There are 2 protein chains.
Amino acid sequence: MGQGQLTAAPEPKYWHLRTVLVRTIDSEFSTGQVLPNERELAARFGVARATLRQALDQLELEGRLVRRRGIGTLIAAPRVGVPVSRREEGWPGTTRTQAWRAVDCVSAPASAQLALALGIPPGETVHTVRRLRLVQGQIMAAESLHVPDSAVPLLPAVPHVVGGAAESDRARSVLRQLDRLGVDGESRSVELGVAEAKEATLLERPPGTPVLVVTTQYAAAGRLVALAVSTYRADTCKLTFGETGLVEVTPVEAGAVRTAS
Amino acid sequence: MGQGQLTAAPEPKYWHLRTVLVRTIDSEFSTGQVLPNERELAARFGVARATLRQALDQLELEGRLVRRRGIGTLIAAPRVGVPVSRREEGWPGTTRTQAWRAVDCVSAPASAQLALALGIPPGETVHTVRRLRLVQGQIMAAESLHVPDSAVPLLPAVPHVVGGAAESDRARSVLRQLDRLGVDGESRSVELGVAEAKEATLLERPPGTPVLVVTTQYAAAGRLVALAVSTYRADTCKLTFGETGLVEVTPVEAGAVRTAS
DNA sequence: GAGTGGTCTAGACCACTAA
DNA sequence: TAGTGGTCTAGACCACTCC
């Protein structure tokens, strides 16, 4: 990899540096390779380490780099396409697929916010199932699935136990009941967020990690029966929304087309 | 707003600072209000300005703050829900809606990447329409819509003129032809990206602004007829994916539920 | 212990906005 | 011209990984 010589420009140094690094990465590095360390890169380009890091921050946000403390800065693998829809991901994941791993389940009175969102009276019991989505063995998303007690009347009233196998058993029990309702509609939104402490732990990422927050409303028989808030790792995920009946086409490397045009 | 006193913690200062600021913002500030300036905030919390800025960076990424050079740091308005689907946004935007504003149109041989994505021979002419999506008068997204010449054979062969009214006329002409094809399927993906120079200019944002990159494949009669790459402002947009036949429910403040639980 | 990225500091100067 | 956020520096120390 050549050495810097940042030509004077009206743009910030870190942005120009990013451009140079993008070119270098695309032409001279491949997935999994490690870049020279930050101190050396900074010296090579004649900038302060903080400035170099600003450029690397951008590239990490774009999913081009992965930085590992104690290891180095690696070229990231292309983002994994993650299908987001009931049909494709297998709902609710109990029998048809191993895509989701139930973690635990807590039953508690709904907060004002949650009650409003679910359209139930404040204080009604809500079962919250937490689960992880695995793709190719990697944790890609953490989800909190909120189900009003009134939507799953057949749920066995087992005593609530914290931790242990009973927890995830109960989670699966809720999912099973939900499955039997026959969910027939869903509405989603996607926005950018950052992982808070609990999510970050589940995702095995540091707090502040950018995530794509997918909020899904599930309906059965014309009634809202569940609300899911899923946080997908923004660095490694590309969410895909298929539509039945669409011709099968070659998956596109969006970034490539975007950069090229 | 009270003054700092950051209790000792195993977490980084900037992250704790973020937590404190979130609480403060939610309880003592409302949309449009300006925070004290960075130098004062840093002094008040007893940290360096760079550390304070790290916390503000997070809050800006979450869409809670907007920073304007020369003005100050403002509390951001809640994100705007932007429907993303052919039916809801009006396709292709020529007659049914004013949601999109055509900017220009260039016709050129397809790059290798683009040809691959469109499933056409490399070098075939592709019309690329650039347009902006407006929501409530605000520019929310910039899009490049790629249409192979072979998909719109009836397109009048007008001479290519750079700039001026003829440009956007031609853009509308392509859109009209595409409309007449009867698009009957679409497949999407959403991922995180940053605005490059051109996009940034169109979005009236600085380069590096985080965006949600939506890639859409349009099919007609079982054939891929167009590829759109849209970049939505991640700070102000919440993309919504509706489904016909779903019961109408109260829109959810996802962030609120997420934070509360 | 050596090497890596992560955090934090104290200061400087620049670009932009508004009065 | 004064005040704001944006950029950049040179250095320090910490937390983690691997040998």
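Numbered from 1 within each chain, the chains take letters A, B, ... in sequence-line order. Quick caveat: nothing in here was measured; it's all calculated off a predicted structure.
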Answer yes or no: does atom CD of B:E40 have more than 12 heavy-atom neighbours from other residues, nucleotides or ligands under 6.0 Å?
->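 Counting neighbours around CD of B:E40, more than 12 heavy atoms of other residues, nucleotides or ligands fall under 6.0 Å, so yes.
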Under the side chain to side chain contact (heavy atoms under 4.5 Å, CB included) test, which residues partner A:R68, sequence neighbours left out?
->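 Partners of A:R68 under the side chain to side chain contact (heavy atoms under 4.5 Å, CB included) test: A:V66, A:I71, A:L74.
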Could you pull out all residues at least two apart from B:Q33 that satisfy side chain to side chain contact (heavy atoms under 4.5 Å, CB included)?
->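 Partners of B:Q33 under the side chain to side chain contact (heavy atoms under 4.5 Å, CB included) test: B:F29, B:S30, B:I75.
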Solution key, residues 51-58 of chain A side-chain donor-acceptor pairs under 3.5 Å, sequence neighbours excluded:
from	atom 1	to	atom 2	distance (Å)
A:R53	NH1	A:E38	OE1	3.2
A:R53	NH1	A:E38	OE2	2.9
A:D57	OD1	A:R67	NH2	2.2

Nucleotide range of DNA chain D lying under 4.0 Å from chain B heavy atoms |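 Result: D:dG3 to D:dT7.
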In chain order, what residues pass the side-chain hydrogen bond (donor to acceptor under 3.5 Å, both in side chains) check against A:N37, with sequence neighbours excluded?
->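 So A:N37 forms no side-chain hydrogen bond (donor to acceptor under 3.5 Å, both in side chains) with any residue.
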Contacts of type side-chain hydrogen bond (donor to acceptor under 3.5 Å, both in side chains), residue A:S230, not counting sequence neighbours =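 Per chain and number, A:S230 pairs via side-chain hydrogen bond (donor to acceptor under 3.5 Å, both in side chains) with A:E143.
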Which part of the nucleic acid does B:R68 contact within heavy-atom distance under 4.0 Å: base, sugar-phosphate only, or nothing?
->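 Sugar-phosphate, backbone atoms only, no base.
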B:E204: partners by salt bridge (charged side-chain N to carboxylate O under 4.0 Å, His left out), with sequence neighbours left out =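 B:E204 satisfies salt bridge (charged side-chain N to carboxylate O under 4.0 Å, His left out) with no other residue.
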Which residues pass the salt bridge (charged side-chain N to carboxylate O under 4.0 Å, His left out) test with B:R18, sequence neighbours left out?
->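 Partners of B:R18 under the salt bridge (charged side-chain N to carboxylate O under 4.0 Å, His left out) test: A:E196, B:E62.
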Taking for each residue the nucleotide of DNA chain C bearing the nearest heavy atom, is the 5' side occupied by B:T51 or by B:R39?
->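 First, find each residue's nearest nucleotide; the 5'-ward one identifies B:T51.
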Please enumerate all protein N or O atoms sitting under 3.5 Å from an N or O of nucleotides 15-19 of chain C, with distances to 0.1 Å.
from	atom 1	to	atom 2	distance (Å)
C:dA15	O4'	B:R69	NH1	2.9

